[in-house]
Amino acid sequence: MARSSSLVKASLPKQSRQLRPRRSPKQFQRAAALSLPGAEEIFAAAAAEHLQKDAPAAPAPGYITASDETLVVHAGEKLRKNGMEDTDSIATPIVSGTTHWFKNSADLIAFKEGRRHSFEYGRYGNPTVSVLEEKISALERAEATLVTSSGMNAIVSTLLALVPPGGHVVTTTDCYSEARAFIRERLSKMGIRSTFVDLNNIETLKTVLDQGDVALFYTDSPTNPHLKCIDVKLVAELCHQKGTLVCIDSTLASPINQKPLTLGADIVVHSATKYIAGHHDVIAGCISGPEALIKTIRAWHQDLGGAISPDAAYMIIRGLKTMALRVETQNRTSLQMACLLENHPKIEHVYYPGLKSSPWHHVAKSQMTGFGGIVSFEVASDLHGVMRFIDALEVPYIATSLGGCESLVQQPAVMSFWGQSNEEKARNGIKDNLVRFSFGIEKFENLRDDILQALEKI
């Protein structure tokens, strides 16, 4: 297999994997075709900003200037460093064997001493999974990535590995609900203290950091479902001054729109089920960061038994190849819909960081190249009126999850928070009239017309 092309360098050895992104502003160049209030200005400003960022720079020796669009296709595959050097298949083979054999004792010792790259047992690693891990590392500008059996497994493995018994973890009141429950109810049984701070008040975080040793700060950005955005660079600076590690769950952004490691975070986690896989057909998670931290997390992960199957890894590799295209469409559709809904008389409030009216817009604009495919909004009606709106929609599915090709819609008061008290819902900012819409890759005009006709039913 010919390997002389410069493109093959998109999958580099660990010491040279910090690829320099060149983001094309093409997703912002369709503003002229929009007639929605506010959308044209936002697109034009974003295009100008990213054109300026794309000013050519001399690449360092051994590096390649590769876009995310190219990395999702070729990283981890064109130049194989993961035990698949002997194949010339364009598609990554599925290595289904659970155990691997060695030629002789010397071969085994070479593997144990790190002089020979190979695999031993499926729970510790797999060639197909390794391709996926290299691809995600390239996207995140990370030294290493660990792919897990679910996003929740990624979160739990990270917390258990990086917060010692008797340690202290700080998170936000807006973090993923199941992670919040695990921190509050499970880690406390291990003697681990937890503090929940309001994302709106950065001074609270400063106070907590000043009061004692905090092992880890963990949160989502953007959050679900209100799409608040934490200033990752600022938080990382504050935490690192006190020796605290920073973990960002970037699921709702995707690696296309946001790269927390480049902003100062130590660890980034994803539910790879969402934008990374992108087709609502496989469950997985991933953790990216420095090799030393990932090695520590991997040891816990192996004990927890959260290995992903090679078949699932193959499906994610295939899905990843179109992620940049999918996310570009979802970014564009969501911004257009957010602008339209913000000006609709039957909508009371729209949550979307791409809107200038969003209190998180300045943060999102500074650290994201796109604002994501989720729009949440409050309809001018009650619980049952919003149910009529949702039931009248024809294009999206009423379902949980997000990030796939198909649009999904849910009423959090009925879906995620059903059966909870009004006090609990109020603490989480969940109103009966709140709708969360995850936009897929359907044609914008079809989604627009569907939402408008459904609003007429209330």
Side-chain angles (χ1 to χ4, degrees), residues 27 30 33-34 36 39 151 222-227 251-254 256-257 270-283 315-316 319-320 322-344 346-347 349-355 368 370-379 381 385-416 430 433-458:
Q27 61 263 47
R30 295 176 174 85
L34 301 178
L36 303 175
T223 63
N224 180 19
H226 294 104
L227 305 170
T251 297
L252 266 67
S254 85
I256 299 298
N257 287 331
H270 288 270
S271 170
T273 308
K274 312 304 193 291
Y275 290 102
I276 290 176
H279 290 79
H280 300 309
D281 58 4
V282 60
I283 292 178
M315 293 174 70
I316 300 172
L320 258 175
T322 60
M323 181 171 64
L325 301 176
R326 289 186 279 104
V327 170
E328 177 188 340
T329 297
Q330 290 161 321
N331 286 342
R332 186 172 65 251
T333 294
S334 296
L335 179 56
Q336 293 179 72
M337 285 306 312
C339 291
L340 184 150
L341 291 168
E342 189 175 43
N343 291 278
H344 195 285
K346 291 190 177 182
I347 301 300
H349 188 78
V350 178
Y351 300 90
Y352 189 66
L355 294 175
M368 300 176 72
F371 303 114
I374 302 289
V375 179
S376 296
F377 51 94
E378 293 166 1
V379 181
S381 188
V386 177
M387 290 169 65
R388 288 194 298 274
F389 161 70
I390 287 180
D391 290 346
L393 291 166
E394 298 178 359
V395 176
Y397 293 95
I398 301 174
T400 190
S401 200
L402 55 100
C405 294
E406 301 86 1
S407 290
L408 306 180
V409 66
Q410 65 157 286
Q411 188 175 357
V414 177
M415 177 74 75
S416 304
I430 304 300
N433 65 342
L434 179 66
V435 173
R436 193 195 77 177
F437 211 116
S438 170
F439 288 99
I441 61 171
E442 303 94 343
K443 191 173 180 64
F444 164 74
E445 287 77 9
N446 296 145
L447 290 163
R448 176 200 62 196
D449 294 347
D450 190 30
I451 289 175
L452 292 178
Q453 67 83 21
L455 285 171
E456 293 302 315
K457 304 295 173 63
I458 59 174

Practice prompt. Decide yes or no for Q411 and M415: does some side-chain heavy atom of the first lie under 4.5 Å from some side-chain heavy atom of the second?
Written response: no
Practice prompt. From the options I398, L447, V409, select the one residue that forms a side-chain contact (heavy atoms from CB on, under 4.5 Å) with L393.
Written response: V409
Worksheet item: Quick one: ring-ring contact (aromatic ring centres under 6.0 Å, His included) partners of H280, sequence neighbours excluded?
Response: none
Discussion item. Tell me which pairs pass side-chain hydrogen bond (donor to acceptor under 3.5 Å, both in side chains) where either residue lies in residues 437-447, with sequence neighbours left out.
Written reply: S407-E442
Discussion item. Going by salt bridge (Lys or Arg N to Asp or Glu O under 4.0 Å), name the residues that satisfy it together with E394, two or more places apart in sequence or in a different chain.
Written reply: none
Worksheet item: Should Q330 and Y275 be marked as a side chain to side chain contact (heavy atoms under 4.5 Å, CB included) after you check the CA-CA gap, both sets of side-chain angles, and the distance that decides it?
Response: CA-CA 10 Å; Q330 290 161 321; Y275 290 102; 3.4 Å; yes
Worksheet, complete the sentence: Across all chains, not counting sequence neighbours, the side-chain hydrogen bond (donor to acceptor under 3.5 Å, both in side chains) partners of S334 are none
Response to the item:
Taking every heavy atom of L408 against every heavy atom of S401, the minimum-distance pair comes out as CD1-O, 3.6 Å
Worksheet, complete the sentence: Contacts of S271 meeting side chain to side chain contact (heavy atoms under 4.5 Å, CB included) (sequence neighbours excluded), chain-then-number -> T251, T273, K274
Fill in: Pairwise distance CG(L252) to NE2(H270) - rounded to 0.5 angstrom
10.5 Å
Between side-chain atoms of residues 370-379 and protein atoms elsewhere (two or more places apart, or another chain), which donor-acceptor pairs fall under 3.5 Å?
{"residue": "S376", "atom": "OG", "partner": "P225", "partner atom": "O", "Å": "2.6"}
{"residue": "E378", "atom": "OE2", "partner": "Y351", "partner atom": "OH", "Å": "2.6"}

Worksheet item: Do the side chains of S381 and F389 get nearer than 4.5 Å, heavy atoms only?
Response: no
Using a 3.5 Å cut-off and no angle test, enumerate the donor-acceptor pairs between side-chain atoms of residues 451-458 and protein atoms at least two apart in sequence or in another chain.
{"residue": "Q453", "atom": "OE1", "partner": "K457", "partner atom": "NZ", "Å": "3.1"}
{"residue": "Q453", "atom": "NE2", "partner": "A392", "partner atom": "O", "Å": "2.8"}
{"residue": "Q453", "atom": "NE2", "partner": "D450", "partner atom": "O", "Å": "3.2"}
{"residue": "Q453", "atom": "NE2", "partner": "D450", "partner atom": "OD1", "Å": "2.9"}

Discussion item. Contact between F439 and M337 at the side-chain level, heavy atoms closer than 4.5 Å - yes or no?
Written reply: yes
Practice prompt. Only counting residues at least two apart or in another chain, list the ones meeting ring-ring contact (aromatic ring centres under 6.0 Å, His included) with Y352.
Written response: none
Worksheet entry | Closest non-hydrogen atom pair between P222 and M368, with its separation | CG-CE, 4.1 Å
Worksheet, complete the sentence: Heavy atoms of L335 and G354 approach each other most closely as CD1-O, 3.9 Å
Item to complete: Can you sort out the partners of H279 under side chain to side chain contact (heavy atoms under 4.5 Å, CB included), two or more places apart, ordered by chain and number?
Response: D281, T322, R326, C405
Worksheet item: To the nearest 0.5 Å, what is the distance between CG (L402) and CG (N224)?
Response: 6.5 Å
Practice prompt. With side chain to side chain contact (heavy atoms under 4.5 Å, CB included) as the test, would you mind laying out the steps for H226 and I430 before giving the verdict?
Written response: CA-CA 9 Å; H226 294 104; I430 304 300; 4.1 Å; yes
